[in-house]
Visitor: 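Below you'll find the structure I mean.
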Amino acid sequence: MLRLRKMLSTTILSALLTVPGYAIAQSSGPAETNPPHGKDQRPAFEGQTRAPQPEKMPSLQKTVIADDLPHLWSMTLLPDGRILVAAKEGAMHILSGGKVGPAIEGVPEVASSGQGGLLDIALAPDFATSGMIYFSFSEPRDGGNGTSVASAKLVEKDGSATLENTTVIFRQMPTYDGDKHFGSRLVFGKNGELYVTVGERSDKEPRVQAQDLSSGLGKVFRIDTSGKALKDNPFAGRENALPEIWSYGHRNIQSAALDGEGRLWTVEHGPKGGDELNRPQAGLNYGWPVITYGIEYSGDRVGEGSTAKEGMEQPVYYWDPVVGPSGMVYYDGDAIAEWKGSFLIGGLVTKGLVVLKMDGDKVKSEGRLPLDARIRDVELGKDGSVYAVTEERGGGKSQIIRLAPEA
């Protein structure tokens, strides 16, 4: 079976709190009812935005399994069921029985101001024997910072843990002096390749480099575990193009997952409106900042205000207003039947889960499960339950919550 998701199984620590679902959707209309910011913009095809709500949403129980955690950005499961977490400020911890262990030694310095910090963590496909992990972080550099990927061996001894042989295997270049749009998610493909998503650094000056194949801003990269470009990457051997690039024209990707066929899907932050679901494919251009749905935060149009252009891909789906995507899994479990074949996406703005039921490569329905908290990461348990990391805007504490069918 493809390793499509990080499995999670932990001890339940707190009393159950019911999150009411609804047996029948209140309306066949879309979950989003607020007017779009791109008032004159129209979707390129039917179903590209504001899909109908599902006929049924599950009634679930919400359990807080760990509370009063540092401000987390991501989590992943160790083979014995404990949780490895990344705190934005630059520390890793192992969570066992709902308690946070000491900070793991060997984590490099991170640039944690603004949107920067210690970002995603992924276990190597052979972690059970190698102990290797991979993580992304905003790296302080001469003249600024940038998203980097490191590898290390996780070694535990006498109740403490250390990262040994920590090595930066890949750096997004060029360096830029800013504190926004670092990305970043790490996803291992079905053949062991590593996909790395990054942002275009937000500001108008650097963001145009999302269209520049000689720049690493606004891209999805595809590398091996040593950080090298795969030989069959679309721009390998092409002059004035980075061989690590898989796709380009992206704004700021903080959600990524494989589907049931082992294909990569991403959700990226749009401007004021225009969050996008894409299935990045080799060598394709996803348009930013030449085309986009939504507008500038100032209220101005983005560039010429175009939503389509020849040679640039349309998103599979978009949101206007935004959901604020972060964290994403493909639900292929059986415990929550209504969600089977859906992407579950953490909502920073909508403060809950966004549930996209897929029909092939199109969105069939969009459901929303309110959780009254910004959701930074989403994972699946071995039993088909769903786990999420919450955060407080601007910092503060995090929780890890579990969602499971009512008993």
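The first residue of the sequence shown is numbered 1, and numbering continues consecutively from there.
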Visitor: Where is the tightest heavy-atom contact between R301 and E296, given as atom of each residue plus distance?
Guide: O-CG, 3.5 Å
Visitor: Pick out which of R251, H181, H250, Q254 makes a side-chain hydrogen bond (donor to acceptor under 3.5 Å, both in side chains) with H269.
Guide: Q254
Visitor: With no hydrogens and no angle check, do the side chains of N285 and Q211 hold a donor and an acceptor under 3.5 Å apart?
Guide: yes
Visitor: Is a donor from one side chain sitting under 3.5 angstrom from an acceptor on the other, for Q314 and Y286?
Guide: no
Visitor: Could you tell me which non-hydrogen atom of L118 sits nearest to which non-hydrogen atom of W73, and how far apart they are?
Guide: O-CB, 3.4 Å
Visitor: Quick one: sort the Y318 and Y293 rings into parallel, tilted or perpendicular, breaks at 30° and 60°.
Guide: parallel
Visitor: S148 and V168: which non-hydrogen atoms are nearest, and at how many Å?
Guide: CB-CG1, 4.0 Å
Visitor: Look at K340 together with D332 and state whether they make a salt bridge at an N to O cut-off of under 4.0 Å.
Guide: no
Visitor: Under a 3.5 Å cutoff, is there a donor and acceptor pairing between the side chains of E32 and W319?
Guide: no
Visitor: Hey, are E268 and N252 close enough side-chain-wise for a donor-acceptor pair under 3.5 Å?
Guide: no
Visitor: With the threshold set at 4.0 Å, does a side-chain nitrogen-carboxylate oxygen contact exist between E156 and R82?
Guide: yes
Visitor: Using a strict 4.0 Å threshold on nitrogen-to-oxygen distance, state whether R263 and D361 make a salt bridge.
Guide: yes
Visitor: Which heavy atom in S385 sits nearest to a heavy atom in A404, and how many Å separate them?
Guide: CB-CB, 4.1 Å
Visitor: Any sub-3.5 Å donor-acceptor pair from W246's side-chain atoms to P280's backbone N or O?
Guide: yes
Visitor: Show, in sequence, the C-alpha distance, side-chain angles and deciding distance for Q41 and T307, and conclude whether the side-chain hydrogen bond (donor to acceptor under 3.5 Å, both in side chains) test is met.
Guide: CA-CA 7 Å; Q41 297 173 350; T307 59; over 6 Å; no
Visitor: So which atom in T175 and which in G143 form the shortest heavy-atom distance, rounded to 0.1 Å?
Guide: CG2-C, 4.0 Å
Visitor: Do D120 and R185 sit within salt-bridge range, that is, some charged N less than 4.0 Å from a carboxylate O?
Guide: yes
Visitor: Applying side chain to side chain contact (heavy atoms under 4.5 Å, CB included), run through F137 and N145 and close with a yes or a no.
Guide: CA-CA 10 Å; F137 65 106; N145 46 57; over 6 Å; no
Visitor: Should R207 and E205 count as an ion pair when the cut-off is N to O under 4.0 Å?
Guide: no
Visitor: Using every non-hydrogen atom in the two residues, find where Y195 and G189 come nearest and quote the distance to one decimal.
Guide: CE1-CA, 4.1 Å
Visitor: Any Lys/Arg nitrogen of E139 or R171 sitting under 4.0 Å from an Asp/Glu carboxylate oxygen of the other?
Guide: yes
Visitor: Is a salt bridge present between R402 and D383, judged by a nitrogen-to-oxygen distance below 4.0 Å?
Guide: yes
Visitor: Using a strict threshold of under 4.0 Å (side-chain N to carboxylate O), is an ion pair present between D300 and K272?
Guide: no
